[in-house]
Amino acid sequence: MGMKSVIDRYNKSKIEQQQLLNPASEVKFWQREAAVLRQELHALQENHRQIMGEQLNGLSVNELNNLENQLEISLRGIRMKKEQMMNHEIQELSQKRNLIHQENLELSRKVQRIHQENVELYKKAYTSSTNGFIQRELAVADDESNTQIRLQLSQPDHSDYETPPRASQ
């Protein structure tokens, strides 16, 4: 019950009287309503204590069975909601895992491209070592997929210098 039921009862009482309430009858109405609400509050508090496992001494076996059934129904609802939330969280985490896996694949492809570019650069630098255009200090360290190349430029001999064509982007 709530405020709506109080208003409904008020309207019903008003109709039953078929007159405007005088202050004395309105006071009596609100006193009755306060008493009804106190009883409802007391019943809710008692029910809450029983659900919490307190003050069970006065209950019959049938009442205890009813309370147990009520708790089992509530527990099923709670477990269903919990399972629903956990399934939703699993779906979100699975989506995140898939995104991270895709990012990992993209980064792995980039590393492979860079590695291949480094190998090609190394080959170019190694094969053009006879013209004196580039002095190089090469250090190659292979740790599964990492190749490090250190290049050092020197002043070019202008007679051997050609302007490389620009790469279009």
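Both backbone and side-chain heavy atoms feed into the values below; hydrogens, waters and symmetry mates do not.
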More than 12 foreign heavy atoms under 6.0 Å from CD of E83: is that the case here?
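Open.
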
Should we count CD of E120 as having more than 12 external heavy atoms under 6.0 Å?
yes

Between L37 and R32, does the side-chain contact (heavy atoms from CB on, under 4.5 Å) criterion hold? Intermediate values first, please.
CA-CA 9 Å; L37 291 175; R32 284 192 312 269; over 6 Å; no

Mind checking the [atom1]-[atom2] spacing from [X] to [Y]? Nearest 0.5 Å is all I need.
X	Y	atom1	atom2	result
S108	H101	OG	NE2	10.0 Å
Q112	R109	CD	CZ	11.0 Å
K82	L75	NZ	CG	9.5 Å
E72	R79	CD	CZ	9.5 Å
E40	E33	CD	CD	8.5 Å
N87	S94	CG	OG	11.5 Å

Evaluate side-chain contact (heavy atoms from CB on, under 4.5 Å) for R76 paired with I73, printing each intermediate quantity in order.
CA-CA 5 Å; R76 273 195 297 271; I73 290 169; 3.3 Å; yes

[Y] side chain reached by [X] side chain, heavy atoms, under 4.5 Å:
X	Y	result
I100	R97	no
H48	M52	yes
E68	N65	yes

Given a cutoff of under 4.5 Å between side-chain heavy atoms of I, L, V, M, F, W and Y, with clusters grown through shared members, what are the other residues clustered with L59?
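For the cluster that includes L59, the remaining residues are I51, L56, L64, L67, L71.
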
Heavy atoms of Q50 and Q55 approach each other most closely as CG-O, 3.9 Å

Would a single hydrophobic cluster contain both I78 and M85, if residues Ile, Leu, Val, Met, Phe, Trp and Tyr are joined by side-chain heavy-atom contacts under 4.5 Å?
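No, because M85 and I78 fall into different hydrophobic clusters, even though each may have its own neighbours under 4.5 Å.
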
Determine whether R38 and H42 satisfy the following criterion, side-chain contact (heavy atoms from CB on, under 4.5 Å), listing intermediate values before the conclusion.
CA-CA 6 Å; R38 271 193 296 278; H42 177 73; over 6 Å; no

Side-chain donor-acceptor pair present, H88, E92, cut-off under 3.5 Å:
yes

Partner set under side-chain contact (heavy atoms from CB on, under 4.5 Å) for N104, not counting sequence neighbours
none

